[in-house]
Amino acid sequence: MSWPPQVIVVAIDGSDQSQRAADLAAALARAHTSRLVMITVVRPPEGWWGVTGQPPSPEALSEALVEGQQEILRQAENRTNLAGIEYGTAEELGDPTSVILAACERESADLLVVGRRGAGLVERMVMGSVADRLAHHSPVPILIVP
Ligand SMILES: Nc1ncnc2c1ncn2[C@@H]1O[C@H](COP(=O)(O)OP(=O)(O)O)[C@@H](O)[C@H]1O
Ligand SMILES: [Mg+2]
(Lines give C-alpha, C1' and ligand atoms only; values in the text may rest on other atoms or scores of the structure.)
(Ligands and ions follow the chains in the order given, each with its own letter.)
Protein backbone atom coordinates (compact mmCIF):
# COMPACT_ATOMS: atom_id res chain seq x y z
CA MET A 1 0.00 0.00 0.00
CA SER A 2 1.39 3.40 -0.85
CA TRP A 3 0.62 6.91 0.21
CA PRO A 4 -0.14 9.29 -1.40
CA PRO A 5 -2.47 6.82 -3.08
CA GLN A 6 -1.49 5.43 -6.48
CA VAL A 7 -4.87 3.79 -6.98
CA ILE A 8 -8.23 5.06 -5.69
CA VAL A 9 -11.43 3.00 -5.95
CA VAL A 10 -14.79 4.78 -5.70
CA ALA A 11 -18.11 2.94 -5.34
CA ILE A 12 -20.97 4.27 -7.48
CA ASP A 13 -24.65 3.45 -6.91
CA GLY A 14 -26.36 6.47 -8.47
CA SER A 15 -27.12 8.25 -5.20
CA ASP A 16 -26.19 11.87 -4.46
CA GLN A 17 -23.80 10.63 -1.80
CA SER A 18 -21.98 8.37 -4.22
CA GLN A 19 -21.71 11.32 -6.63
CA ARG A 20 -20.12 13.37 -3.85
CA ALA A 21 -17.80 10.44 -3.23
CA ALA A 22 -16.91 10.44 -6.95
CA ASP A 23 -16.23 14.20 -6.93
CA LEU A 24 -14.00 13.90 -3.89
CA ALA A 25 -12.21 10.82 -5.24
CA ALA A 26 -11.57 12.58 -8.56
CA ALA A 27 -10.20 15.67 -6.80
CA LEU A 28 -7.85 13.46 -4.78
CA ALA A 29 -6.81 11.51 -7.88
CA ARG A 30 -5.99 14.76 -9.67
CA ALA A 31 -4.03 16.12 -6.74
CA HIS A 32 -1.96 12.94 -6.35
CA THR A 33 -1.85 11.71 -9.98
CA SER A 34 -3.60 8.54 -8.82
CA ARG A 35 -5.40 6.11 -11.07
CA LEU A 36 -9.14 6.14 -10.41
CA VAL A 37 -11.41 3.10 -10.67
CA MET A 38 -15.17 3.74 -10.63
CA ILE A 39 -17.03 0.58 -9.73
CA THR A 40 -20.72 -0.20 -9.68
CA VAL A 41 -22.24 -3.49 -8.59
CA VAL A 42 -25.48 -4.99 -9.86
CA ARG A 43 -27.15 -6.64 -6.91
CA PRO A 44 -29.20 -9.63 -8.04
CA PRO A 45 -32.78 -9.67 -6.73
CA GLU A 46 -33.11 -11.54 -3.43
CA GLY A 47 -34.71 -14.67 -4.84
CA TRP A 48 -31.83 -15.44 -7.17
CA TRP A 49 -29.49 -16.27 -4.33
CA GLY A 50 -31.59 -19.06 -2.95
CA VAL A 51 -31.73 -21.12 -6.11
CA THR A 52 -28.13 -22.21 -6.56
CA GLY A 53 -26.26 -20.27 -3.89
CA GLN A 54 -24.37 -18.68 -6.77
CA PRO A 55 -25.00 -15.28 -8.29
CA PRO A 56 -26.86 -15.59 -11.60
CA SER A 57 -24.96 -15.18 -14.83
CA PRO A 58 -25.29 -11.72 -16.41
CA GLU A 59 -27.27 -13.39 -19.20
CA ALA A 60 -29.76 -14.79 -16.74
CA LEU A 61 -30.28 -11.45 -15.03
CA SER A 62 -32.82 -9.21 -16.64
CA GLU A 63 -31.17 -7.03 -19.25
CA ALA A 64 -33.01 -4.00 -17.87
CA LEU A 65 -31.32 -4.42 -14.49
CA VAL A 66 -27.84 -4.59 -15.98
CA GLU A 67 -28.51 -1.73 -18.40
CA GLY A 68 -29.87 0.41 -15.57
CA GLN A 69 -26.64 -0.04 -13.66
CA GLN A 70 -24.57 0.74 -16.77
CA GLU A 71 -26.53 3.97 -17.07
CA ILE A 72 -25.68 4.83 -13.45
CA LEU A 73 -22.00 4.44 -14.25
CA ARG A 74 -22.31 6.52 -17.44
CA GLN A 75 -24.06 9.30 -15.53
CA ALA A 76 -21.36 9.35 -12.89
CA GLU A 77 -18.71 9.51 -15.64
CA ASN A 78 -20.48 12.49 -17.18
CA ARG A 79 -21.09 14.32 -13.92
CA THR A 80 -17.60 13.92 -12.51
CA ASN A 81 -14.76 16.14 -13.63
CA LEU A 82 -12.33 13.49 -14.85
CA ALA A 83 -10.18 15.80 -16.96
CA GLY A 84 -6.53 14.78 -16.80
CA ILE A 85 -7.24 11.72 -14.66
CA GLU A 86 -6.30 8.19 -15.70
CA TYR A 87 -9.45 6.28 -14.88
CA GLY A 88 -11.26 3.07 -15.55
CA THR A 89 -14.75 1.75 -14.88
CA ALA A 90 -15.90 -1.65 -13.67
CA GLU A 91 -19.41 -3.03 -13.60
CA GLU A 92 -19.81 -6.26 -11.69
CA LEU A 93 -22.42 -8.59 -10.38
CA GLY A 94 -23.00 -9.84 -6.86
CA ASP A 95 -23.12 -8.73 -3.25
CA PRO A 96 -21.91 -5.08 -3.36
CA THR A 97 -19.73 -5.26 -0.23
CA SER A 98 -17.90 -8.45 -1.26
CA VAL A 99 -17.47 -7.34 -4.85
CA ILE A 100 -16.13 -3.90 -3.85
CA LEU A 101 -13.66 -5.49 -1.42
CA ALA A 102 -12.49 -7.95 -4.10
CA ALA A 103 -12.05 -5.07 -6.55
CA CYS A 104 -9.86 -3.23 -4.01
CA GLU A 105 -7.58 -6.26 -3.82
CA ARG A 106 -7.51 -6.84 -7.56
CA GLU A 107 -6.74 -3.20 -8.33
CA SER A 108 -4.23 -2.90 -5.47
CA ALA A 109 -6.21 0.05 -4.19
CA ASP A 110 -4.60 2.41 -1.71
CA LEU A 111 -7.86 4.18 -0.84
CA LEU A 112 -11.55 3.31 -1.06
CA VAL A 113 -14.10 6.15 -1.27
CA VAL A 114 -17.82 5.53 -0.62
CA GLY A 115 -20.92 7.52 0.29
CA ARG A 116 -22.26 7.28 3.83
CA ARG A 117 -25.70 6.54 2.44
CA GLY A 118 -26.77 5.16 -0.87
CA ALA A 119 -29.67 4.69 -3.20
CA GLY A 120 -31.43 2.26 -0.89
CA LEU A 121 -34.47 3.00 1.22
CA VAL A 122 -33.66 4.86 4.39
CA GLU A 123 -33.86 1.85 6.64
CA ARG A 124 -31.18 2.91 9.06
CA MET A 125 -30.41 6.25 10.64
CA VAL A 126 -26.66 6.28 10.72
CA MET A 127 -25.00 4.58 7.81
CA GLY A 128 -25.97 2.40 4.88
CA SER A 129 -25.34 -1.30 5.28
CA VAL A 130 -22.81 -1.41 2.44
CA ALA A 131 -20.86 1.55 3.84
CA ASP A 132 -21.11 0.05 7.32
CA ARG A 133 -19.79 -3.35 6.27
CA LEU A 134 -17.04 -1.83 4.13
CA ALA A 135 -15.95 0.34 7.06
CA HIS A 136 -15.59 -2.80 9.17
CA HIS A 137 -13.86 -5.00 6.61
CA SER A 138 -11.92 -2.83 4.18
CA PRO A 139 -8.26 -3.86 3.97
CA VAL A 140 -7.38 -0.37 2.75
CA PRO A 141 -8.06 3.07 4.23
CA ILE A 142 -11.63 4.10 3.56
CA LEU A 143 -13.09 7.56 3.15
CA ILE A 144 -16.83 7.81 3.91
CA VAL A 145 -18.45 10.85 2.35
CA PRO A 146 -21.63 12.30 3.93
N1 LIG B 1 -24.45 -1.59 -5.66
C2 LIG B 1 -23.46 -0.73 -5.35
N3 LIG B 1 -22.44 -0.55 -6.22
C4 LIG B 1 -21.44 0.31 -5.92
N5 LIG B 1 -21.39 1.03 -4.79
C6 LIG B 1 -22.37 0.88 -3.90
C7 LIG B 1 -23.46 -0.02 -4.12
N8 LIG B 1 -24.28 0.06 -3.05
C9 LIG B 1 -23.74 0.94 -2.21
N10 LIG B 1 -22.58 1.46 -2.70
C11 LIG B 1 -21.68 2.45 -2.07
O12 LIG B 1 -21.95 2.49 -0.67
C13 LIG B 1 -22.44 3.79 -0.29
C14 LIG B 1 -23.47 3.62 0.82
O15 LIG B 1 -24.58 2.89 0.31
P16 LIG B 1 -25.43 1.90 1.22
O17 LIG B 1 -24.57 1.43 2.34
O18 LIG B 1 -26.02 0.88 0.30
O19 LIG B 1 -26.55 2.87 1.84
P20 LIG B 1 -28.16 2.74 1.73
O21 LIG B 1 -28.54 1.69 2.70
O22 LIG B 1 -28.63 4.13 2.08
O23 LIG B 1 -28.46 2.37 0.30
C24 LIG B 1 -22.95 4.43 -1.59
O25 LIG B 1 -22.95 5.86 -1.54
C26 LIG B 1 -21.94 3.88 -2.59
O27 LIG B 1 -20.72 4.60 -2.51
MG1 LIG C 1 -27.74 0.73 -0.79
Side-chain angles (χ1 to χ4, degrees), residues 1 5-32 34-82 85-146:
M1 208 188 306
Q6 284 178 6
V7 179
I8 299 174
V9 170
V10 60
I12 304 294
D13 71 350
S15 63
D16 289 348
Q17 273 98 332
S18 92
Q19 184 56 49
R20 285 202 285 279
D23 292 338
L24 205 146
L28 280 171
R30 185 172 299 104
H32 295 295
S34 324
R35 197 166 73 81
L36 181 66
V37 179
M38 304 172 83
I39 182 171
T40 193
V41 184
V42 182
R43 189 206 300 265
E46 292 294 326
W48 286 92
W49 295 95
V51 183
T52 59
Q54 294 287 316
S57 67
E59 304 79 53
L61 259 187
S62 109
E63 233 172 76
L65 194 63
V66 174
E67 273 173 17
Q69 204 80 6
Q70 283 168 351
E71 182 56 30
I72 283 171
L73 203 50
R74 269 197 298 272
Q75 273 190 10
E77 260 185 274
N78 291 334
R79 288 178 186 166
T80 311
N81 177 8
L82 295 164
I85 297 172
E86 181 198 340
Y87 79 95
T89 58
E91 194 209 295
E92 295 178 38
L93 187 67
D95 167 60
T97 304
S98 319
V99 170
I100 291 165
L101 290 177
C104 285
E105 299 232 334
R106 185 187 67 225
E107 304 285 345
S108 303
D110 301 302
L111 177 68
L112 170 62
V113 185
V114 302
R116 182 168 69 190
R117 297 304 313 252
L121 295 171
V122 182
E123 300 144 338
R124 305 182 52 199
M125 294 305 290
V126 183
M127 212 186 266
S129 63
V130 174
D132 194 3
R133 289 172 61 206
L134 287 170
H136 281 91
H137 299 291
S138 176
V140 301
I142 176 167
L143 185 56
I144 298 176
V145 181

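Index from 1, following the sequence. Counting starts at 1 for both ligands and their atoms, following the listed order.
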Numbered in order shown, the ligand 1 atoms found under 4.0 Å of a heavy atom of V114 are 27 (O)
Considering only heavy atoms of S18, which atoms of ligand 1 have at least one such atom less than 4.0 Å away? 25 (O), 26 (C), 27 (O)
With a 3.5 Å cut-off and sequence neighbours excluded, list the donor-acceptor pairs that the side chains of residues 138-146 form with protein atoms.
unit_1	atom_1	unit_2	atom_2	d
S138	OG	V140	N	3.2
S138	OG	V140	O	2.7

So the atoms of ligand 1 within less than 4.0 Å of a heavy atom of I12 turn out to be 3 (N), 4 (C), 5 (N)
Can you check whether R117 has an N/O within less than 3.5 Å of an N/O in ligand 1? yes
Give a yes or no on whether a salt bridge exists between D95 and R133, defined as a side-chain N under 4.0 angstrom from a carboxylate O. yes
Should S129 be listed as contacting ligand 1, given a heavy-atom distance under 4.0 Å as the test? yes
Flag A131 as yes when one of its N or O atoms lies below 3.5 Å from any N or O atom of ligand 1, and as no otherwise. yes
I'd like to know if the side chain of T40 reaches the main chain of I12, judged simply by a donor and an acceptor atom lying under 3.5 Å from each other, with no hydrogens or angles considered. yes
Heavy-atom proximity to atom 8 (N) of ligand 1, picking from V9, D13, V99, points to D13
Donor-acceptor contact below 3.5 Å, side chain D110 vs main chain M1: no
Using a 3.5 Å distance criterion without hydrogens, assess whether the side chain of S34 forms a donor-acceptor pair with backbone atoms of P5. yes
The option among A21, G128, A25 carrying the non-hydrogen atom nearest to atom 21 (O) of ligand 1 is G128
Proximity flag V10 to ligand 1, non-hydrogen atoms under 4.0 Å: no
Can you find an N/O atom of P96 closer than 3.5 Å to an N/O atom of ligand 1? no
Ignoring angles and geometry beyond distance, decide whether I100 reaches within less than 3.5 Å of ligand 1 through its nitrogen or oxygen atoms. no
Only heavy atoms of S15, strictly under 4.0 Å: list the atoms of ligand 1 that pass. 25 (O)
Would you say R20's side chain and V114's backbone share a donor-acceptor pair under 3.5 angstrom? no
Presence of salt bridge, E91 and R74, under 4.0 angstrom: no
What is the minimum heavy-atom distance between S15 and A119, and which atoms define it? CB-N, 3.6 Å
What atoms of ligand 1 come within less than 4.0 Å of a heavy atom belonging to I39? 4 (C)
Show the numbers, then the answer: is there a side-chain hydrogen bond (donor to acceptor under 3.5 Å, both in side chains) between E77 and T89? CA-CA 9 Å; E77 260 185 274; T89 58; 4.6 Å; no
Close N or O approach (V41, ligand 1; < 3.5 Å): yes
